[in-house]
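Presented below is the structure to which this report refers.
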Amino acid sequence: MNPYFVGLLVPIAVSLLLQKRRKVEKKRGVPVDVGGEPGYAIRNHRFERPVETHWEGVNTLAELFEHACKEYLYMPLLGTRKLISREIESSPDGRSFEKLHLGEYEWKCYAEAFKSVCNFSSGLVNLGRQDNERVAIFAETQAEWQIALQACFRQNITVVTIYSSLGEEALCHSLNETEVTTVICGRKELKKLIDIGWQLDTVKRVIYINEEGISAEVSIAQNSTSWSVKSFEEVGKLGAEAPVDANMPLPSDVAVIMYTSGSTGLPKGVMMTHRNVLATLSAVMTIVPELGKKDIYMAYLPLAHILELAAETLMAAVGASIGYGSALTLTDTSSKIKKGTLGDASALRPTLMTAVPAILDRVRDGVRKKVDAKGGVAKKLFDIGYSRRLAAINGSWLGAWGVEKLLWDRLVFTKVRAILGGNIRFVLSGGAPLSGDTQRFINICLGMFKSRILIGLCNFRAPIGQGYGLTETCAGGTFSEYDDTSVGRVGAPLPCSYIKLIDWAEGGYLTTDSPMPRGEIVIGGPNVTKGYFKNEAKTSEVYKDDERGLRWFYSGDIGRFHPDGCLEIIDRKKDIVKLQHGEYVSLGKVEAALAMSPYVENIMIHADPFHSYCVALVVAAQNELERWALQQGLAYTDFADLCQKHEAVVEVLESLTKAAKQARLEKFETPAKVKLIPDPWTPESGLVTSALKLKREVIRKTFEDDLAQLYA
Ligand SMILES: *[C@@H]1O[C@H](CO)[C@@H](O)[C@H](O)[C@H]1NC(C)=O
Ligand SMILES: *[C@@H]1O[C@H](CO)[C@@H](O)[C@H](O)[C@H]1NC(C)=O
Ligand SMILES: *[C@@H]1O[C@H](CO)[C@@H](O)[C@H](O)[C@H]1NC(C)=O
Ligand SMILES: *[C@@H]1O[C@H](CO)[C@@H](O)[C@H](O)[C@H]1NC(C)=O
Ligand SMILES: CC(=O)N[C@H]1CO[C@H](CO)[C@@H](O)[C@@H]1O
């Protein structure tokens, strides 16, 4: 026989055999017997007891950082881009945009970072900080943030974190409630502080991070407040001149009080101990493959978000490098990047990044738009490549066939990967459930086949891991493993958590449901935080200690367990409304289904218990709607006017009804009326959180009159 022929046959045969074996589903979570309220509980398949620390002899975050700095001395840790120029561009309609030209990354190594941390931490003490006084970090994600954080840990100082996008009232509340004496901030934030200065009883010191143009604010603060105002460098210098011994915390000491932007009411401060955060980091260590010195991490999400804080702390523990950027400068086409210059990802070429679903949705839409715009051969190629890969991931060996794989890689996917720098091997998505569609798209476009032994035998590695966790559980929860290519699920419990479902009879979710147990998600383990700061009532409402000494957090989310032990989030208790005739409408589910309509940029379903139908507020997708209007020859003055047109409303409603039919929604779930909104919902407008989740209460209030009209 022709030896080439044999050479071809063997891998095919082996891969077919393997494929048969793969059909036996891997168990990722297994049932476990736990205390507390009865339910159906699952643990990680590899760990019988929740893990607490991955690093021997390390029990706090302060020890962890010191340990890493001593080991990785001259490896790069913190990278920042230098600003080359700032320009103002104006568009034809008179609006102006700021564009940045940024340089290469400049690095601080572990040893240098450690020195900065020690100096800053000594400086804080020298400034006159007393025991028990808390420090707030209120700034955008940047290297100084991380240095300040580690500096506080070394002096057993509890750090209060605040979302940059929180409103004035919430900001006042958080600083006041925690009696913060020292605030570390950037320019924008200093401005906000000055505005509310008269309400801040406890603040004595402000440390500002030097940014272009901050001197104006500094001089206002110096003239009009009683604060002692110092720059970040001054404090470091103060510490270098008079070093102070470290005052290391205990594992049970509170490391961070994190104020989360609640969708209702004032934000609540979640108290996280060093042990809590360490347990989460240790768990993630076991899950992301081969995390270490070779990794470069793209840091751009808000550090006041537990996902980012945990990710960066972990990177600094394993010898990886952290390059700082921002959501507005992430890619070459990001809105603040000067045309023809590099975005953060292209300059950094990261291997790892975190993302919230909204950002991945944008990447997906961006690629789709580009491909559609090219049309012709390019689009055909993309479509074929995409479907071949989909088939390959699905387990058909042909698509994974080496040569073909390389071909598609060259032709199509290299270009897509280049958007995020070309080296991404893992994206951690959290903050909200990722749509299956986006997850599949990113998997296919960014995924890599790891060939083993023979070129034809390739293992597909999903580049995206979806986590489910909450600030209250210190981001501990579930995590989808890298070899899990299914979509729409959030994976098995992290090794630091048990996940339990308990009955929610009123909503119709029971652990005895078939084919899968369903119920409210309750999370237990060493990662579950102490509770809300100065809020006993709320804490005891959602946290419970069981008779075996384990602490549980009641998430309010509804989930179900697949037979392999992976969790799927299917609903939220708060987001289910009972209509007049007793039917339940799950707002999130309906919104996700209707978002498939091309006219929808954002959508909120509103259901009123006194009516038998629901209605929708739709932020209209300008491009699509204007294109349709053009086709129809519909005349209008501007987009706001188009959104008012009866014809446009009818068109969108029809499109929504179609999407609802496709998703097999019930009639009562399909909105009967719709209001089109021309202006996008952004965190700045306060209508969505910084993770771009809807703030239902705020939106309802803002569009009160419109909603009333829809029900009139
Ligand atoms: C750390 O600070 C807290 C209060 O801020 C205090 O209760 C605790 O005892 C301190 N820990 C150590 C090891 O000094
Ligand atoms: C700040 O807190 C104190 C009590 O700790 C309270 O009396 C005061 O009204 C609060 N101020 C604001 C602006 O919330
Ligand atoms: C602050 O005070 C200094 C000196 O008293 C003065 O030169 C400066 O203009 C003042 N700045 C502002 C913003 O009022
Ligand atoms: C992949 O598999 C799923 C279910 O196993 C199936 O529904 C889908 O059609 C398959 N897709 C392709 C492109 O083969
Ligand atoms: C706050 C909290 O729940 N702490 C617990 C963490 O886990 C250890 C051991 O699993 C418990 O002893 C703590 O009480």
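We count ligands from 1, going down the list as the structure has it; atoms in each ligand are counted the same way. Values in this document were obtained by computation on a predicted structure and should not be read as measured data. Note that the numbering runs from 1 along the sequence shown for the chain.
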In short, ring pair (Phe, Tyr, Trp, His ring centres under 6.0 Å) pairs touching residues 219-253 with sequence neighbours left out are Phe120-Phe232
Are the charged groups of Lys573 and Glu520 less than 4.0 angstrom apart, N to O? yes
Is the shortest distance from a Lys or Arg side-chain nitrogen in Lys204 or Glu133 to a carboxylate oxygen in the other one below 4.0 Å? yes
Ser231 and Asn210: side chain donor to acceptor below 3.5 Å: no
Numbered in order shown, the ligand 1 atoms found under 4.0 Å of a heavy atom of Leu250 are 13 (C)
Salt bridge (charged side-chain N to carboxylate O under 4.0 Å, His left out) pairs, two or more places apart, involving residues 221-243: none
The protein heavy atom nearest to atom 5 (O) of ligand 1 is Asn132 OD1, 3.3 Å
Residue, atom name and distance, where the atom is the protein heavy atom closest to atom 10 (C) of ligand 1: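 Result for atom 10 (C) of ligand 1: Asn156 ND2, 2.4 Å.
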Minimum non-hydrogen distance to atom 11 (N) of ligand 1, winning option of Thr158, Val254, Asp253: Asp253
Answer with yes or no whether Met248 contacts ligand 1, where contact means a heavy atom under 4.0 Å from a ligand atom.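 It does, in that a heavy atom of Met248 comes within the 4.0 Å cut-off of ligand 1.
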